[in-house]
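These notes are about the structure you will find just below.
Protein chains get the first letters and strands the later ones, always in sequence-line order, with residue 1 at the start of each. Keep in mind it's a predicted model, so treat the numbers as computed, not measured.
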Amino acid sequence: MEQYRQECRNIIINIITDMAKEKGISEKELSFDQLAAENPPKPEYGDIAFPLFPFAKSFKDAPPKIAAAVAGKLAEVKNPLIEKAQAAGPYINVTLLRAAICTSVIESVEKEQERYGTNNHLRGTKIMLEFSCPNTNKPLHLGHLRNDSLGESVGKILKKSGAEVLKVDLINDRGIHICKSMLAYQKFGNNTTPESEGMKSDHFVGNYYVKYAEWEKKEPEIIEQARKMLIDWESGDEQVRLLWKTMNKWAIDGVKQTYEATGIEFDKYYFESETYELGRDEVLKGLEKGVFFKKDDGSIWVDLKAYDLDEKVLLRSDGTSLYLTQDIGTAISRSKDWPFERMIYVVASEQNYHFKVLFLVLGMLGYEWAKNCYHLSYGMVNLPEGKMKSREGTVVDADDLLAELIDYAVKEIESRERDDDAQDIKTISNAIALGALNYYLLSASPHKDIIFDPEKSISFNGDTGPYLQYTSARISSILRKYEERKDQYQNGKYDPSLLTVQEEWDIIKLIAGFPDLVAKAADEYNPSLVTAFLFELAKLFAKYYHDNPVLKNEDQNLVMTRIALLKAILPVLKSGFQLVGIPFLERM
RNA sequence: GCGUCCAUAGCUCAGCUGGAUAGAGCAACGGCCUUCUAAGCCGUAGGUCGCACGUUCGAGUCGUGCUGGACGCGCCA
């Protein structure tokens with residue numbers, strides 16, 4: 001679509017330039033950079049609108065008069081794109097010639113199929129993308145689901161825009177919080193295992209973290225035991241390491257099961273237990289170079305007052321690492337492993353300050369690429385009752401939520417009594433649950449806080465993933481019926497001049513803009529542009545096919561033409577679905 | 001106290017580089033299944049775009065101030 005806009009815009013620029021010459025106005029006075037190509041508010045106005053306010057000054061004339069003059073000249077221009085151009089007040093509205101554009105759009109989708117939307121916006125750019133980053137002391141919760149959903153989707157959008165993407169996860173497998181669940185297991189575990197208890201392994205570990213919290217409430221002094229365990233861990237105590245390995249494996253295995261269930265994949269895993277020492281070395285090097293400074297108690301600090309921030313500790317007085325220390329190490333080892341042109345961290349907004357500091361520190365250590373690091377900050381996920389609080393047990397567990405969604409989908413399917421169409425209830429309800437979840441989590445702008453209402457997310461009416469799946473299943477159904485009765489239409493021929501319904505044209509224009517939209521979503525790291533696009537396309541189609549039969553037409557040419565349109569819509573939906581994690585369903 | 005972000009219909013959210021009467025979905029009310037899946041379609045109602053100034057021919061959109069909210073400012077992660 002953008003190409004058509006640009007072409008029309010150039011024609012108008014030429015006309016205005018000529019008009020200015022006649023009036024002896026110099027070209028410098030014309031503010032073409034302000035000439036916008038917009039969408040008219042109503043379809044009857046045409047397809048592209050140009051407000052002419054910016055030229056009022058140089059022409060010393062009213063915008064409506066200028067518009068009328070330009071429209072007059074535009075009418076004389078012969079262009080295969082333009083059907084007509086009219087002045088409406090201060091605007092020039094251009095109506096495009098439909099048939100050629102329809103054919104061109106339909107042909108490019110036919111050629112590219114589900115690859116449609118692929119663009120060269122970021123061609124060849126190496127982008128490392130970090131997301132999820134679970135702790136190994138408890139299972140994933142709703143907050144992780146937003147993170148995972150966003151990371152996975154942004155990765156796909158970047159790839160579709162030509163980038164080379166490496167998705168990495170950082171397993172937070174080290175620290176005092178890990179020792180807490182280990183301690184509780186030592187005390188209460190009785191050598192049970194996830195297998196012996198028949199429990200998903202990360203939930204099993206999580207239970208001991210909860211048990212620890214209860215325990216500490218009664219006996220606050222046990223925190224000392226946890227601290228000692230961390231020291232033992234750092235010094236490599238065999239027993240502690242063994243228990244750590246065992247429980248880590250349980251936690252990670254369980255998390256990976258959730259990844260698989262939700263369609264999350266990584267190219268590479270990093271473990272904090274393997275990178276935190278490198279961070280410490282880097283900080284010490286920085287100290288030698290005089291970038292950082294040491295306080296009397298031996299702790300090492302960075303002074304960020306020059307950047308309007310405060311001082312920040314990088315290494316404890318006892319020499320042990322902090323969160324920031326490990327992130328420094330991780331970042332550096334990554335740039336060595338896979339030299340990237342961009343590094344994106346998908347992490348909640350509560351860590352905005354952390355990343356500001358991290359990038360500054362990396363820059364101070366002399367790493368040029370620090371300026372190419374970006375914190376994709378996303379808002380908190382709250383519940384209708386308020387904030388999720390682990391202490392109050394209001395944290396929504398990821399696996400539980402998914403199970404709840406699937407359960408609801410099963411009930412919905414059964415209540416419809418359409419088991420002929422929806423044979424495999426399990427697969428379909430799984431797909432619906434995932435579609436509902438991903439669509440809900442991605443349809444808000446990333447940086448905004450969202451309220452996750454479990455009740456609403458599993459409602460399948462309106463602006464939801466299941467609605468999109470339903471619409472695409474309907475298209476599939478029509479195409480299936482067409483294939484079955486193909487013989488009846490063998491005399492029909494595709495004829496773009498038959499695409500006269502407004503919705504048909506709106507659909508074509510929408511589809512034409514999809515590659516640009518994907519590129520923009522890649523620029524903004526914003527999947528909600530894609531979800532909004534999909535909803536608009538699905539809604540347009542739903543309205544269209546409700547009023548306009550595809551197969552039930554006397555005119556076989558019309559049937560063939562509309563089938564061609566449907567064959568262009570479906571791959572675009574599928575393509576968009578892939579980008580935002582909505583499973584496509586042939587039937588539902 | 002300081003910093004970052006947010007504020008649009010009863011609720012959840014869109015609103016592209018400022019441009020023609022501010023848009024969806026849900027909830028409410030009223031229609032539409034002998035017709036390609038009613039998880040659908042159509043219609044009605046609902047808004048001083050938090051408040052006040054300012055910039056501009058033009059502000060939901062940009063700037064300043066204020067109010068309200070979220071998050072952060074740990075030798076936690």
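- The side chain to side chain donor-acceptor pair (under 3.5 Å) test with Glu483(A) singles out one residue from Lys486(A), Arg485(A), Lys481(A), and that residue is Lys486(A).
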Spell out protein contact along nucleotides 25-36 of chain B as letters: B when the base is contacted, S when just the sugar-phosphate is, - when no protein heavy atom is under 4.0 Å; keep the 5' to 3' order.
-> SS--------SB
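- The stretch residues 169-179 of chain A touches RNA chain B through Asn172(A), His177(A), each having a heavy atom within less than 4.0 Å of the strand.
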Pick out the pairs of N or O atoms, protein on one side and nucleotides 69-74 of chain B on the other, that lie under 3.5 Å.
from    : atom 1 : to        : atom 2 : distance (Å)
rA70(B) : O2'    : Asp449(A) : OD2    : 3.2

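- Look at Ser445(A) and you'll find a side-chain N or O under 4.0 angstrom from OP1 or OP2 of rA14(B).
- Both Glu524(A) and Tyr467(A) sit near RNA chain B, but only Glu524(A) has its closest nucleotide nearer the 5' end.
- Of the candidates rC13(B), rA39(B), rA20(B), rA39(B) carries the atom nearest the Tyr470(A) side chain, counting heavy atoms from C-beta on.
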Show the atom names and distances, to 0.1 Å, of all donor-acceptor pairs under 3.5 Å that link a side chain in residues 454-466 of chain A to residues at least two apart or in another chain.
from      : atom 1 : to        : atom 2 : distance (Å)
Ser457(A) : OG     : Pro454(A) : O      : 3.1
Asp463(A) : OD1    : Tyr439(A) : OH     : 2.5
Thr464(A) : OG1    : Tyr467(A) : N      : 3.3

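- Distance noted for atom C1' between rC73(B) and rG15(B): 34 Å (whole Å).
- Using a 4.0 Å heavy-atom distance criterion, Asp523(A) is classed as making no nucleic acid contact.
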Verify salt bridge (charged side-chain N to carboxylate O under 4.0 Å, His left out) between Glu274(A) and Arg174(A), making sure each step is shown before the conclusion.
-> CA-CA 9 Å; Glu274(A) 291 170 2; Arg174(A) 187 206 78 89; over 6 Å; no
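- Remark: Glu524(A) pairs with Lys520(A) by the salt bridge (charged side-chain N to carboxylate O under 4.0 Å, His left out) rule, at least two apart or across chains.
- By the side chain to side chain donor-acceptor pair (under 3.5 Å) test, Asn119(A) pairs with Ser161(A), sequence neighbours left out.
- Nearest-nucleotide assignment on RNA chain B puts the 5′-proximal partner with Ile450(A), out of Leu324(A) and Ile450(A).
- By the side chain to side chain donor-acceptor pair (under 3.5 Å) test, Lys356(A) is found to be paired with no residue, residues two or more places apart in sequence or in another chain being considered.
- Among pairs with a residue in residues 309-325 of chain A, those fulfilling salt bridge (charged side-chain N to carboxylate O under 4.0 Å, His left out) read Lys295(A)-Glu311(A), Lys305(A)-Glu311(A), at least two apart in sequence or across chains.
- In this view, Phe355(A) and Tyr345(A), Phe359(A), His375(A) satisfy the ring pair (Phe, Tyr, Trp, His ring centres under 6.0 Å) rule, not counting sequence neighbours.
- Contacts of Ala56(A) with the nucleic acid, taken as non-hydrogen atoms under 4.0 Å apart, are absent.
- Using a cut-off of 4.0 Å between Lys/Arg side-chain N and Asp/Glu carboxylate O, Lys509(A) and Asp47(A) are scored as salt-bridged.
- Distance from the side chain of Tyr440(A) is smallest for rU12(B) among the nucleotides rU37(B), rU12(B), rA20(B).
- Here rC5(B) is the nucleotide among rC5(B), rA39(B), rA77(B) with the atom lying nearest to any side-chain atom of His447(A).
- Residues meeting the salt bridge (charged side-chain N to carboxylate O under 4.0 Å, His left out) test with Glu130(A), sequence neighbours left out: Arg334(A).
- Listed nucleotides: rA39(B), rC41(B), rA20(B). Nearest to the side chain of Ala542(A): rC41(B).
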Could you check Glu224(A) against Arg227(A) for salt bridge (charged side-chain N to carboxylate O under 4.0 Å, His left out), going step by step and ending with a plain yes or no?
-> CA-CA 5 Å; Glu224(A) 287 311 320; Arg227(A) 286 201 184 113; 2.7 Å; yes
Nucleotide pairing, RNA chain B (Watson-Crick or G-U, distances under 3.5 Å), in dot-bracket with [ ] and | = (((((((..((((.....[...)))).(((((.......))))).....(((((..]....))))))))))))....
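- Aromatic rings of Tyr209(A) and His177(A) (six-membered ring for Trp) have centroids beyond the 6.0 Å cut-off, not under it.
- How far OH of Tyr276(A) is from OG1 of Thr320(A): 9.5 Å, rounded to the nearest 0.5 Å.
- Counting non-hydrogen atoms under 4.0 angstrom, Ala49(A) reaches a base of the nucleic acid.
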The contact string for nucleotides 54-64 of chain B, one letter per nucleotide 5' to 3', using protein heavy atoms under 4.0 Å with B, S and - for base, sugar-phosphate only and none, comes out as ---B-------
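- One finds a side-chain N or O of Lys543(A) lying less than 4.0 angstrom from the OP1 or OP2 phosphate oxygen of rC42(B).
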